[in-house]
Amino acid sequence: MSPSRIASWLVPLILAVLLACTAANGDNHHLSVSYYDKTCPRAQHIVQAVMASRVAADQAMAPAVLRLFFHDCFVNGCDASVLLDDAAPFFESEKHAEPNDSLGGFDVIDEIKSHLEHSCPATVSCADILALASRDAVALLGGPTWNVQLGRKDSRGANKHAAEEEDLPSPTANLTELIAKFAEFGLDATDLVALSGAHTVGSARCHHYRERVYGYDGQGGADIDPSFAELRRQTCQAGDDARAPFDEQTPMRFDNAYYKDLVARRGLLTSDQELYGCGGPLDHLVQRYSEDGEAFARDFAKAMVKMGKIPTPPGMPVEVRLTCRKVNY
């Protein structure tokens with residue numbers, strides 16, 4: 001057999017062995033900013049370039065990618081499980097869970113992954129791509145930037161039940177429920193308030209805020225500005241899928257307007273307004289962020305790093321996927 005034919009036979013075999021070695025049990029405790037410095041030194045540049053191009057074409061792509069990262073990390077840790085398509089009979093996709101049925105941005109992650117596989121095959125995980133892309137999404141909308149801890153691995157399965165029934169915070173949750181839910185993932189009340197500030201960009205469907213703007217009497221509750229409730233009821237007249245921006249004034253600028261809205265009782269979701277109005281310590285934090293955008297930016301960046309370290313469950317099989325939508329077989 002000629003050397004060239006031997007090489008063509010060995011390459012896929014060697015790649016398969018390397019991938020098998022990565023499919024060990026892993027977690028997100030041992031992360032490093034310099035993780036890809038030697039194995040894929042252009043990784044961050046590639047992610048930034050694709051994100052800049054896509055957000056320039058459609059700003060809505062930035063909050064979509066940011067939301068993907070949140071919905072990923074709150075189900076089995078930051079493992080890119082939210083990106084997986086159905087793989088019957090092994091698992092159902094988390095994409096089909098009710099809280100995830102309006103997620104977008106998957107094609108952006110696919111594009112980034114394609115570029116990275118060309119540049120440094122089987123090296124950069126989809127979970128790390130999500131972490132980097134969400135950081136760049138915030139920065140591209142005028143928000144803060146931060147050093148992303150890297151070295152996550154991708155899960156070899158999805159958990160639709162957890163996404164649907166257990167792990168993701170509900171848009172109708174009260175403050176006690178929100179604090180308890182974030183605490184499950186090692187995130188404190190300050191993290192809760194800071195991370196909720198991601199709602200300074202993007203939009204939500206009427207299905208998720210209908211209860212807040214109509215209330216029991218059809219006029220909204222006592223904790224909502226009447227004119228705001230009426231405005232959003234007009235949006236809902238177009239149906240449950242009608243979308244409204246979280247922030248009317250600067251819906252695609254990552255600033256502190258979200259907190260100003262909360263102080264004015266113009267939070268879109270019940271879970272938004274729950275952060276302000278009860279007279280407790282969270283009121284003070286919301287008030288501070290509404291007056292000091294730099295304080296919000298600093299705390300948001302810290303909280304994103306912290307959230308990005310939510311580990312995968314012990315013993316969960318992981319790998320570096322070659323395609324973000326399916327596991328390596």
Side-chain angles (χ1 to χ4, degrees), residues 27-33 63 66-79 82 99 127 130-131 134-135 137-138 143-152 162-163 166-202 223 246 254-263 267-314:
D27 59 40
N28 290 341
H29 289 299
H30 307 290
L31 304 178
S32 167
V33 172
L66 179 58
R67 186 172 176 229
L68 270 182
F69 188 50
F70 274 80
H71 283 235
D72 181 48
C73 289
F74 272 80
V75 179
N76 286 347
C78 307
D79 63 350
V82 74
L130 260 183
S134 63
R135 185 268 311 271
V138 171
T145 189
W146 55 91
N147 291 323
V148 177
Q149 301 278 313
L150 300 166
R152 298 166 189 79
E166 302 170 6
D167 290 344
L168 290 168
S170 168
T172 59
N174 62 39
L175 183 58
T176 300
E177 292 168 336
L178 290 168
I179 291 174
K181 177 57 63 179
F182 275 65
E184 289 178 19
F185 301 101
L187 301 171
D188 60 27
T190 299
D191 299 321
L192 163 63
V193 178
L195 290 172
S196 295
H199 282 177
T200 197
V201 293
D223 66 339
F246 286 106
F254 201 93
D255 55 21
N256 64 336
Y258 167 80
Y259 300 101
K260 295 179 182 179
D261 288 338
L262 297 187
V263 173
L268 185 60
L269 305 179
T270 297
S271 57
D272 291 323
Q273 196 61 54
E274 281 289 307
L275 302 180
Y276 184 84
C278 66
L282 297 192
D283 279 19
H284 174 75
L285 195 54
V286 169
Q287 188 74 47
R288 180 187 176 210
Y289 290 162
S290 74
E291 298 169 354
D292 188 347
E294 291 185 2
F296 159 55
R298 288 194 301 270
D299 287 355
F300 181 83
K302 292 177 184 177
M304 284 292 285
V305 172
K306 191 173 178 181
M307 184 183 75
K309 293 181 179 180
I310 297 176
T312 55

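- The shortest side-chain heavy-atom distance between F69 and C78 falls under the 4.5 Å cut-off.
- Using a 4.5 Å cut-off on side-chain heavy atoms (C-beta onward), V82 and V75 make no contact.
- Going from atom CD of E274 over to atom OG1 of T172 covers 10.0 Å, rounded to the nearest 0.5 Å.
- Among residues two or more places apart in sequence or in another chain, the salt bridge (Lys or Arg N to Asp or Glu O under 4.0 Å) test is passed with D191 by K306.
- Separating the CG atom in D255 from the OG1 atom in T200 is a distance of 4.0 Å, to the nearest 0.5 Å.
- Here CG of L192 is found 9.0 Å from CG of L187. Values are rounded to the nearest 0.5 Å.
- The two atoms that bring A297 and P144 nearest to each other are O-CG, 3.6 Å, heavy atoms only.
- Residues T190 and L285 share a closest heavy-atom pair of CA-CD2, 3.8 Å.
- With sequence neighbours left out, V148 forms a side chain to side chain contact (heavy atoms under 4.5 Å, CB included) with A131, L132, R135, W146, L150, R152.
- Within the 4.5 Å cutoff, the side chain of H199 has no heavy atoms near those of the L268 side chain.
- Every ring pair (Phe, Tyr, Trp, His ring centres under 6.0 Å) that F182 has, sequence neighbours left out, goes to F74.
- In this structure, Y258 has its ring center at least 6.0 angstrom away from the ring center of F296.
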Stepwise side chain to side chain contact (heavy atoms under 4.5 Å, CB included) check, F246 with D261 | CA-CA 9 Å; F246 286 106; D261 288 338; over 6 Å; no
Run the numbers on M304 and L66 for side chain to side chain contact (heavy atoms under 4.5 Å, CB included), then give the verdict.
-> CA-CA 10 Å; M304 284 292 285; L66 179 58; 3.7 Å; yes
Would you sort out whether V138 and T145 count as a side chain to side chain contact (heavy atoms under 4.5 Å, CB included), showing the intermediate values?
-> CA-CA 7 Å; V138 171; T145 189; over 6 Å; no
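- Every residue meeting the side chain to side chain contact (heavy atoms under 4.5 Å, CB included) condition with A173, not counting sequence neighbours, appears here in chain and number order: S170, E177, L178.
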Check against side chain to side chain contact (heavy atoms under 4.5 Å, CB included), D272 and L262 | CA-CA 7 Å; D272 291 323; L262 297 187; 4.0 Å; yes
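- Panel note: side chain T312, backbone G77; no donor-acceptor pair is recorded below 3.5 Å.
- Scanning all heavy atoms of the two residues, the minimum distance from S290 to V263 falls at OG-CG2, 4.0 Å.
- Legend: residues meeting side chain to side chain contact (heavy atoms under 4.5 Å, CB included) with E291, ordered by chain and number and at least two apart, are Q287.
- D72 places a side-chain N or O within 3.5 Å of a backbone atom of D79 that can act as its donor or acceptor partner.
- Expressed to the nearest 0.5 Å, how far CG of L175 lies from OG1 of T270 amounts to 12.5 Å.
- Pairs of residues two or more places apart, or lying in two chains, that qualify as side chain to side chain donor-acceptor pair (under 3.5 Å) and include a residue from residues 292-301 are Y289-D299.
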